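The structure appears below as structure tokens.
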Amino acid sequence: MAAMIRGAEFFVYRTGSEAVELKARFDRAESLYGSPAMIERDGTILVPKWMPVLRGTVSPDEYTALSKSRYSDEALFRQGLITKDVRVMQIHEVQKNGGSVETGIRMVTHILEEQRETEREQVEVVLGRSRYLLSLFSEHEISGIPRAKREALQEETVTQLSEAGLDPARVLLEIKLLMALWLIKASKGEDSWGRPNELVTLQGLFAVERRAKQREEEVGGYITAKYAQIEAALTFARASDRMILVDVGEEIEQHLLRNIYLTNAGAPARRDYGYTIGKIGSLAWLLDQTKVRPYRTVALDGKQRLEAVQHLLKEGRREEIFASDLLSGLTESAQVFQDTLSAHADVYSEDS
């Protein structure tokens with residue numbers, strides 16, 4: 001089964017029952033404005049994450065590839081996962097604060113900031129150390145530097161890399177592993193035979209620089225770009241949903257509830273009767289265009305009330321509108337819209 005592959009990246013998914021159930025929901029959901037984030041009918045937000053996995057730990061008993069192929073998972077994993085950076089897709093259901101889009105935005109923003117900051121720090125450490133060693137070995141012949149001094153340089157490199165989260169024993173991504181291993185090796189100034197070797201050392205340091213710069217470019221690449229796309233989609237959905245609640249709420253309060261056919265049960269139906277029915281239908285349709293919680297939750301309640309009023313008007317059963325609580329329900333919906341907008345006005349409030 002061929003996976004989603006971009007360069008040396010290989011994407012898999014866990015086969016546990018809970019993960020499979022969540023993936024089924026994810027597959028049934030709708031993409032949010034073409035982004036990797038998915039939304040369910042009730043506005044629930046599902047955000048995918050792509051986490052690195054240690055090579056050699058992926059088996060078809062626990063994982064499956066994400067795309068179809070004529071090869072089995074067993075054959076594909078055996079052939080492809082030795083040389084590829086493996087990432088497992090995880091699906092996070094936004095649940096805090098009722099699954100609000102604001103919570104989703106904060107979560108994705110945090111992921112972006114954390115990833116960019118961590119990656120930037122690691123690249124700076126690698127570039128800084130490689131340039132220091134290049135300068136040192138360019139000014140002094142490696143053979144003239146005592147072995148004890150070169151061993152101390154190597155230990156310093158290991159310490160700096162570990163502090164930056166680049167311990168070779170823990171690094172998952174191949175490009176980071178290669179950077180760390182080459183830098184550690186070059187710090188001692190020796191070739192594979194344990195002999196001082198200026199050419200091999202300088203070539204190794206230049207290779208480290210190239211890989212560090214490559215990683216620096218990739219930080220704004222595929223994975224980060226996906227999170228940025230999700231953040232943009234969530235932000236747009238929030239703005240659009242809020243605008244819908246504002247527009248429909250104002251239309252209900254300022255016009256619909258003052259409409260002659262909803263204030264006077266005995267008012268004769270005139271030429272604008274059909275327009276009123278159509279207008280109510282348009283407001284209901286507009287509320288159905290909301291995408292995310294909490295806005296979609298209250299929008300769907302308002303939509304149901306508008307459709308009930310529209311139905312009775314179409315049927316000529318206006319007296320039932322006045323005999324029921326539908327009109328007070330519309331007033332309540334308009335107020336709930338305002339309250340929801342107010343309660344979630346600040347994206348970065350932990351209570352939103």
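In this text, all values refer to a predicted model and were calculated from it rather than measured experimentally.
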(request) Please report the C-alpha distance between L306 and L256 in whole Å, then the side-chain angles of each, then the deciding distance to 0.1 Å, and finally whether the side chain to side chain contact (heavy atoms under 4.5 Å, CB included) criterion is met. (result) CA-CA 10 Å; L306 284 168; L256 187 59; 3.6 Å; yes
(request) Would you check if the side chain of T297 reaches a backbone N or O of R293 as a donor-acceptor pair within less than 3.5 Å? (result) no
(request) Please check if the side chain of N197 supplies one atom and the backbone of V200 the other of a donor-acceptor pair under 3.5 Å. (result) yes
(request) Answer yes or no: is there an ion pair linking K23 with D27, defined by an N-O contact shorter than 4.0 Å? (result) yes
(message) The test is side chain to side chain contact (heavy atoms under 4.5 Å, CB included); show your working for H140 and L136 and say whether it passes.
(response) CA-CA 6 Å; H140 306 279; L136 178 65; 3.6 Å; yes
(message) Return the CD to CG distance between Q122 and L166, rounded to the nearest 0.5 Å.
(response) 4.0 Å
(request) From the options V292, V246, T340, V298, select the one residue that forms a side chain to side chain contact (heavy atoms under 4.5 Å, CB included) with D241. (result) V292
(message) Strictly distance-based, threshold 3.5 Å: is any side-chain N or O of R87 a donor or acceptor partner for the main-chain N or O of W50?
(response) yes
(message) What I want to check is whether the side chains of R318 and Y261 have a donor and an acceptor closer together than 3.5 Å.
(response) no
(request) Consider only side-chain heavy atoms of I, L, V, M, F, W and Y, link residues closer than 4.5 Å, and tell whether M179 and F206 are in one cluster. (result) yes
(request) Validate the cation-pi geometry between K314 and Y273: distance from NZ or CZ to the six-membered ring centre under 6.0 Å, angle to the ring axis within 45°. (result) no
(request) Determine yes or no for a side-chain-to-main-chain donor-acceptor pair under 3.5 angstrom, with Q289 supplying the side chain and W285 the backbone. (result) yes
(request) May I ask you to decide whether D288 forms a salt bridge with R41, counting only side-chain N to carboxylate O separations under 4.0 Å? (result) yes
(message) Distance check, rounded to the nearest 0.5 Å: E251 atom CD versus L257 atom CG?
(response) 10.0 Å
(message) Are L341 and Y348 connected into the same hydrophobic cluster when the rule is that any two of I, L, V, M, F, W, Y join if their side-chain heavy atoms are below 4.5 Å apart?
(response) yes
(request) Would you mind reporting whether S143 and E198 have side-chain heavy atoms less than 4.5 Å apart? (result) no
(request) Without swapping roles, check the side chain of T290 against the backbone of L287 for a donor-acceptor pair under 3.5 Å. (result) yes
(request) Starting from the C-alpha separation in whole Å, work towards a yes-or-no answer on side chain to side chain contact (heavy atoms under 4.5 Å, CB included) for V47 and M107. (result) CA-CA 10 Å; V47 177; M107 181 190 75; 3.6 Å; yes
(message) If I take atom CD1 from residue I280 and atom OH from residue Y275, how far apart are they, to the nearest 0.5 angstrom?
(response) 11.0 Å
(message) So does A19 get a backbone contact from the side chain of Y13, meaning a donor-acceptor N/O pair under 3.5 Å?
(response) yes
(request) State, to 0.1 Å, how close I142 and P196 come at their nearest heavy-atom pair, and which atoms those are. (result) CG2-CB, 4.0 Å
(message) If we ignore hydrogens and angles and just use 3.5 Å, is the side chain of D191 paired with the main-chain N or O of R195 as donor and acceptor?
(response) yes
(request) Could you tell me whether the side chain of S162 and the main chain of V158 form a donor-acceptor pair under 3.5 Å? (result) yes
(request) For S100 and S352, work out which heavy atoms get closest and say how close. (result) OG-O, 3.2 Å
(message) Using only atom types and a distance under 3.5 Å, with no angle test, would you say the side chain of S342 pairs donor to acceptor with the backbone of Q338?
(response) no
(message) So L205 and E209, do their side chains get closer than 4.5 Å, heavy atoms only?
(response) no
(message) A side-chain contact here means heavy atoms from C-beta on lying under 4.5 Å apart; do E117 and R120 qualify?
(response) yes
(message) Would you say CD of E141 has more than 12 non-hydrogen atoms from neighbouring residues, nucleotides or ligands within 6.0 angstrom?
(response) no
(message) Between T331 (side chain only) and L327 (backbone N and O only), is there a donor and an acceptor less than 3.5 Å apart?
(response) yes
(message) Taking side chain to side chain donor-acceptor pair (under 3.5 Å) as the definition, give me every residue that meets it alongside N259, ordered by chain and number, with sequence neighbours left out.
(response) T276
(message) Show, in sequence, the C-alpha distance, side-chain angles and deciding distance for V126 and L161, and conclude whether the side chain to side chain contact (heavy atoms under 4.5 Å, CB included) test is met.
(response) CA-CA 7 Å; V126 171; L161 290 176; 4.1 Å; yes
(request) Would you mind reporting whether R296 and K291 have side-chain heavy atoms less than 4.5 Å apart? (result) no
(request) Specify the closest pair of heavy atoms between Y227 and K49, including all atoms of both residues, with the distance to one decimal. (result) OH-CA, 3.5 Å
(message) Check this for me: E315, atom CD, are more than 12 non-hydrogen atoms of other residues, nucleotides or ligands nearer than 6.0 Å?
(response) yes
(message) In the structure I gave you, are the side-chain heavy atoms of R305 and V309 within less than 4.5 Å of one another anywhere?
(response) no
(message) Do L181 and L127 sit in one hydrophobic cluster, given that two such residues count as connected whenever their side-chain heavy atoms are within less than 4.5 Å of each other, even indirectly?
(response) no
(request) State yes or no: do F322 and L330 share one hydrophobic cluster built from I, L, V, M, F, W and Y residues joined by side-chain heavy-atom distances below 4.5 Å, directly or via other members? (result) yes
(message) Tell me whether E93 is salt-bridged to R25, with the criterion being a basic N under 4.0 Å from an acidic carboxylate O.
(response) yes
(request) Inspect the contact between K176 and E119 and indicate whether a charged nitrogen and a carboxylate oxygen are less than 4.0 angstrom apart. (result) yes
(request) Using the test salt bridge (Lys or Arg N to Asp or Glu O under 4.0 Å), find all partners of E62 that sit at least two apart in sequence or belong to another chain. (result) R14
(message) Rounded at 0.5 Å granularity, tell me how far CD1 in I39 sits from CG in L32.
(response) 5.0 Å
Could you go through residues 233-240 and list every donor-acceptor pair under 3.5 Å that involves a side-chain atom there, pairing it with any protein atom two or more places apart or in another chain?
residue : atom : partner : partner atom : Å
T235    : OG1  : E231    : O            : 2.8
R238    : NE   : E102    : OE2          : 2.7
R238    : NH2  : H344    : O            : 2.6
R238    : NH2  : A345    : O            : 3.1

(request) List the atom of L46, the atom of F26, and the distance in Å for their closest heavy-atom pair. (result) CD1-CA, 3.8 Å
(message) Looking at every non-hydrogen atom in both residues, tell me the closest pair between L153 and S187 and how far apart they are.
(response) CB-O, 3.7 Å
(request) Could you check Q304, Q310, K303 and say which one makes a side-chain hydrogen bond (donor to acceptor under 3.5 Å, both in side chains) with E307? (result) K303
(request) Answer yes or no: is there a side-chain heavy-atom contact under 4.5 Å between I321 and E319? (result) no
(message) I'd like to know if R28 pairs up with E40 as an ion pair, taking the criterion as any Lys NZ or Arg NE/NH1/NH2 lying under 4.0 Å from an Asp or Glu carboxylate oxygen.
(response) no
(request) Give the C-alpha distance, both sets of side-chain angles, the deciding distance and a yes or no for salt bridge (Lys or Arg N to Asp or Glu O under 4.0 Å) between E253 and R258. (result) CA-CA 8 Å; E253 289 185 324; R258 300 178 183 182; over 6 Å; no
(message) Tell me if the CZ atom of R317 is crowded by more than 12 foreign heavy atoms within 6.0 Å.
(response) yes
(request) Run the salt-bridge test on R147 and E190 with the 4.0 Å N-O cut-off and return the result as yes or no. (result) yes
(request) Quick one: pull up CD1 in I105 and CD1 in I230 and give me the separation to the nearest 0.5 Å. (result) 12.0 Å
(message) When you compare the side chain of Q335 with that of E332, does any pair of heavy atoms fall below 4.5 Å?
(response) no
(message) If I compare all heavy atoms of S130 with all of V208, which pair ends up nearest, and what's the gap?
(response) CB-CG1, 4.1 Å
(message) Could you tell me if the side chain of E18 sits less than 4.5 Å from the side chain of L22, heavy atoms only?
(response) no
(message) Nearest 0.5 Å, please: how far is CG in L326 from CG in L312?
(response) 6.5 Å
(request) Establish whether L286 and V101 are linked, either directly or via other cluster members, by ILVMFWY side-chain heavy-atom contacts under 4.5 Å. (result) yes
